[in-house]
Amino acid sequence: MMRPGKIVCIGRNYVEHAKELGNDVPTEPLIFLKPPSSVIADGEYIERPPQSVQVEHEGEIGVVIGRRLHRVSEQEAVSGIAGIVAVNDVTARDLQRKDSQWTRAKGFDTFCPVGNVHEGPVDLDTLEVITTVNGEVRQRAGSAEMVFKIPMLLSFISHIMTLEPGDLVATGTPAGISPIKAGDMVEVSIPGLSRVRNPVRDVVQ
Ligand code: ZN
C-alpha cells in the first residue's frame, strides 16, 4: 500500500462545490493536511467512527510527487509529477463544521482511500474524476473546472513546504458530496488511469 510522507489537500477548488457548502471561492489555494495513517488501499473498508454521524465521500484527482520540489515554477512542478491517482478525501462533515481546523474531520484512520498510480504521460487539463456510491454517479467533473490548476497548486505548495518523492497532493473535490453509510460501496475513478473502490462499515467498538 502507498504510504506518502505527507498528504497535502486543497479545499474549495471547484466553484460549484464551494457553493454547495455555502462558501466563497478562495482567492488563493486553501490547503490542509491529512495524516499518512489515514491511507487505505483499493478494497479496504472505510470505517465510520462513532464521533461522527455524517461521513461523506470526496472524490479527487491525486498527484504523486516524483522528485523534490522546493520553490519551483509551474513548469518545473509539472516535470516533478510521478503519477496520477484516484483519491477519496473522506470527511466527517459534522466535525468539519464544528472545528476551525479540519485535522479531526479529515484525519480518521481509513479516511484516505488511494488507487493505483498511473505513471504514463497525461494531459493535466483534460483529467476527469467520477465518484459513484452503489453504482450511482454522485460527482463528476474535469480538471479544466478547477479554480487553481495542478501546476499552479504544486508551485504554490512548494513555496510553503518542500514536496518530497512519494508525497500526495489531493486537488480538491467537485460538487456532489453526499453521506455514506455502512454497507455502501464507494468508487472514485479517473477513467482509464486510476480507480479506488471501498466498502463502508461502522467502526467495530
Ligand atoms: Zn477534499
Side-chain angles (χ1 to χ4, degrees), residues 1-10 13-14 32-48 55-69 77-91 106-146 149-151 153-154 157 163-174 176-178 180 184-201:
M1 180 178 51
M2 194 185 167
R3 187 47 92 94
K6 60 181 171 294
I7 305 163
V8 187
C9 302
I10 313 298
N13 200 27
Y14 290 84
F32 59 93
L33 295 168
K34 279 172 96 79
S37 49
S38 63
V39 172
I40 57 171
D42 181 63
E44 294 193 284
Y45 278 101
I46 296 168
E47 296 193 325
R48 298 191 336 146
V55 173
E56 299 191 336
H57 58 80
E58 291 194 0
E60 308 195 5
I61 296 166
V63 177
V64 179
I65 303 302
R67 64 175 177 83
R68 191 169 177 272
L69 300 178
V78 169
S79 71
I81 296 175
I84 297 297
V85 71
V87 178
N88 191 347
D89 172 21
V90 179
T91 302
K106 303 273 193 179
F108 285 98
D109 289 352
T110 78
F111 270 27
C112 193
V114 177
N116 57 294
V117 180
H118 174 85
E119 292 180 339
V122 293
D123 179 358
L124 295 176
D125 297 322
T126 59
L127 297 172
E128 195 186 19
V129 59
I130 300 169
T131 307
T132 65
V133 178
N134 305 325
E136 182 187 303
V137 176
R138 299 281 173 86
Q139 299 181 282
R140 179 182 216 131
S143 55
E145 295 163 62
M146 289 179 184
K149 307 292 191 278
I150 291 169
L153 293 172
L154 298 182
I157 295 164
L163 289 166
E164 307 279 1
D167 283 355
L168 174 63
V169 176
T171 59
T173 202
I177 50 167
S178 67
I180 49 178
D184 285 345
M185 180 66 80
V186 190
E187 180 178 312
V188 179
S189 70
I190 301 170
L193 305 184
S194 181
R195 188 185 85 140
V196 65
R197 197 161 179 262
N198 303 87
V200 182
R201 70 180 175 199

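The structure places CD1 of I10 at 12.5 Å from CD1 of I61, a figure rounded to the nearest 0.5 Å.
Side-chain contact check for L153 versus V8: every heavy-atom pair is 4.5 Å or farther apart. No side-chain heavy atom of V188 sits under 4.5 Å from any side-chain heavy atom of P113. By the 4.5 Å heavy-atom criterion applied to side chains, D89 and T173 are not counted as neighbours. In this structure, I84 and V63 have side chains that are in contact, with non-hydrogen atoms separated by less than 4.5 Å. You'll find the side chain of I157 reaches within 4.5 Å of the side chain of L163, heavy atoms only. Side-chain atoms of L193 and L127, non-hydrogen and from C-beta on, do get closer than 4.5 Å to each other. The shortest side-chain heavy-atom distance between V55 and F111 falls under the 4.5 Å cut-off. Residues V114 and V196 are not in side-chain contact: their nearest non-hydrogen atoms beyond the backbone lie 4.5 Å or more apart.
N198 places no side-chain N or O within donor-acceptor distance of the main-chain N or O of Y45, the cut-off being under 3.5 Å. Side-chain atoms of S194 come within 3.5 Å of backbone atoms of A86 as a donor-acceptor pair (strictly under, hydrogens ignored). Between the side chain of N13 and the backbone N or O of T171 there is at least one donor-acceptor pair closer than 3.5 Å. A donor-acceptor pair is defined here as one N or O able to donate and one able to accept, closer than 3.5 Å; such a pair exists between the side chain of N88 and the backbone of E58. Remark: the backbone N or O of K106 is paired with a side-chain donor or acceptor of K34 at under 3.5 angstrom. Checked by atom type and distance alone, the side chain of E119 never pairs as donor or acceptor with a backbone atom of G83 at under 3.5 Å.
The nearest pair of heavy atoms linking L168 to V85 is CD1-CG1, 3.6 Å. Scanning both residues, A82 and G66, for their nearest heavy atoms gives CB-CA, 3.4 Å.
Of the candidates E56, E136, H57, Q139, H57 is the only one forming a side chain to side chain donor-acceptor pair (under 3.5 Å) with S178.
Between K149 and D125 there is no salt bridge, since no side-chain nitrogen of the basic residue lies less than 4.0 Å from a carboxylate oxygen of the acidic one.
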Steps toward side-chain hydrogen bond (donor to acceptor under 3.5 Å, both in side chains) verdict (R197, S189): CA-CA 8 Å; R197 197 161 179 262; S189 70; over 6 Å; no
